[in-house]
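Since the structure comes first, as structure tokens, the remarks are kept for the end.
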Amino acid sequence: MSAEGHEIAIIDKRADAFERWIPENFVGLKLKGSGFDRELLERGGISEAHAFVSVTNGDNSNIVSARVAREYFKVPRVIARIYDPRRADIYRRLGIETVASVVWAVGRIRTLLERLPYEEESSYGNGEVVLIRTELPPHLAGRKVGDVEVSGEIRVVQITRKGRAFIPGEGSVLTTDDNLRLAVSADALGLLDKLLGRG
Amino acid sequence: MTNQTDKRRMHVLVTGGGAFGSYVARDLVDKGHEVTLLDEDSSVIAELKERLPNVRLVCGDACEPRILEEAGILRADVVVAATSDDEDNLVIALLSHKEFDVSRVVARVNDPRNGWLFTDWWGVDHALSAPDAFVPMVEEFVASAPQHPAEAPPETR
């Protein structure tokens, strides 16, 4: 995010973390200490921060600093990582958005494992958009192309039917044995699973 | 036991079985209170079994609501958050107060820099900060100590 021009301040308990993980061209503030040290947070500019992200490896320190950021310093967006999904409930009640990294990773691994039926033909950029080839699942026969499309996320770019290829319109009706090529945003692969009945 | 002592017998839940927590638990039991001590380290619990025969010992993570319930937090009059991690003590205090309506929560401050968090904002009724308690005593001791002869003004030499 720093490379994209955002202004970043990082707090870490271990000074060696900066040397190991932070690239040399990082221009933001590097502060050594605890994520709920008031003085340190103020030096990092928390009072003017648009967002606060708490991703230490301790669930409780993330809870404490996220709540401090949100309630004491009134930071508009506060996001915290949790390992133990049982704690997600507590965060939610405190009004803090969470990323449950273990749950997320397990979900992603499952998605990748279960996505064998697709043929990923090519990917664009850094993989943000992929081109996928799949047979039409039977339950979608008779539906319109528009029904499987999601604006900005999933597009049917080409259909091969009985050996002939064409570019469909939104109103084109899908038929059994259609072979589809879909351009899909990487973020929407889970959604595609659901649409194709594999979720 | 007389009726009066019965009335004042409190159920206290202590979280953290280190030197501080176990000392508090023993003292409260000796004073006639009902004490449950919670620690997540099974070897700590095993060791305390011998040292604190009259304390009810529970093994588990005190930052997890389910474990607090198992330890009887719903019956507790007082919770003492006594672990050696300030963030854990804050989460325990917050849960005790907000989720379980415990009327009195005492929490240990390990690092005085975190002392500002230990207020009713985090469900803490009373903060115990050893450094903050000791510093005035040390200051007083320093002020009243005799000065080294080499540093004293010449006329008093």
Side-chain angles (χ1 to χ4, degrees), chain A residues 11-15 31-44 46-47 52-75 78-98 100-103, chain B residues 15-16 18 21 38-41 59-71 73-74 79-102 105 107-124 127 129 131-132:
Chain A
I11 295 180
D12 201 297
K13 271 186 179 168
R14 300 155 309 149
L31 301 165
K32 185 187 168 295
S34 145
F36 42 92
D37 181 326
R38 183 169 45 180
E39 217 177 286
L40 208 59
L41 290 167
E42 280 168 351
R43 263 203 277 152
I46 193 166
S47 312
F52 182 86
V53 179
S54 189
V55 288
T56 76
N57 55 15
D59 282 354
N60 287 339
S61 37
N62 290 339
I63 294 185
V64 173
S65 48
R67 189 163 183 257
V68 164
R70 190 178 166 84
E71 293 189 17
Y72 188 86
F73 291 107
K74 316 279 186 218
V75 179
V78 175
I79 295 160
R81 169 169 67 185
I82 41 169
Y83 285 93
D84 186 344
R86 284 170 297 190
R87 292 204 220 275
D89 229 23
I90 307 172
Y91 279 92
R92 210 172 302 124
R93 271 175 270 176
L94 297 175
I96 295 159
E97 281 181 85
T98 61
S101 50
V102 174
V103 177
Chain B
T15 62
L38 188 55
D39 195 287
E40 63 178 337
D41 187 338
C59 186
D61 181 356
C63 303
E64 223 185 278
R66 188 180 55 83
I67 302 285
L68 287 170
E69 269 184 66
E70 269 177 41
I73 195 168
L74 292 166
V79 166
V80 183
T83 78
S84 53
D85 275 315
D86 284 338
E87 57 268 35
D88 291 8
N89 290 342
L90 288 168
V91 168
I92 292 162
L94 191 66
L95 288 174
S96 304
H97 198 82
K98 290 231 158 142
E99 299 288 314
F100 298 107
D101 264 341
V102 177
V105 178
R108 171 188 178 191
V109 182
N110 295 278
D111 183 339
R113 281 176 297 182
N114 297 330
W116 68 285
L117 294 166
F118 287 70
T119 64
D120 53 4
W121 175 36
W122 280 89
V124 177
S129 174
D132 284 329

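A, B, ... follow the sequence lines: proteins, then strands. Residue 1 opens every chain.
- Contacts between residues 83-90 of chain B and chain A, counted as heavy-atom pairs separated by less than 4.5 Å, involve B:Glu87, B:Asp88, B:Leu90.
- Around the CZ atom of A:Arg81, the shell of radius 6.0 Å holds more than 12 heavy atoms that belong to other residues, nucleotides or ligands.
- Within residues 55-62 of chain A, the residues having any heavy atom closer than 4.5 Å to a heavy atom of chain B are A:Asn60, A:Ser61, listed by residue number.
- Screening residues 64-74 of chain A for side-chain hydrogen bond (donor to acceptor under 3.5 Å, both in side chains) gives A:Arg38-A:Tyr72, A:Ser54-A:Ser65, A:Arg67-A:Glu71, A:Glu71-B:Trp121 as the qualifying pairs, with residues at least two apart or on separate chains.
- Taking all atoms of both residues into account, the shortest heavy-atom contact from A:Val64 to B:Trp122 is CA-CH2, 3.5 Å.
- With values rounded to the nearest 0.5 angstrom, A:Ile63 atom CD1 is found 8.5 Å from B:Leu94 atom CG.
- Heavy atoms from other residues, nucleotides or ligands lying under 6.0 Å from CD of B:Glu70 number more than 12.
- A search for side chain to side chain contact (heavy atoms under 4.5 Å, CB included) contacts involving A:Ile11 returns A:Leu31, A:Leu40, A:Leu41, not counting sequence neighbours.
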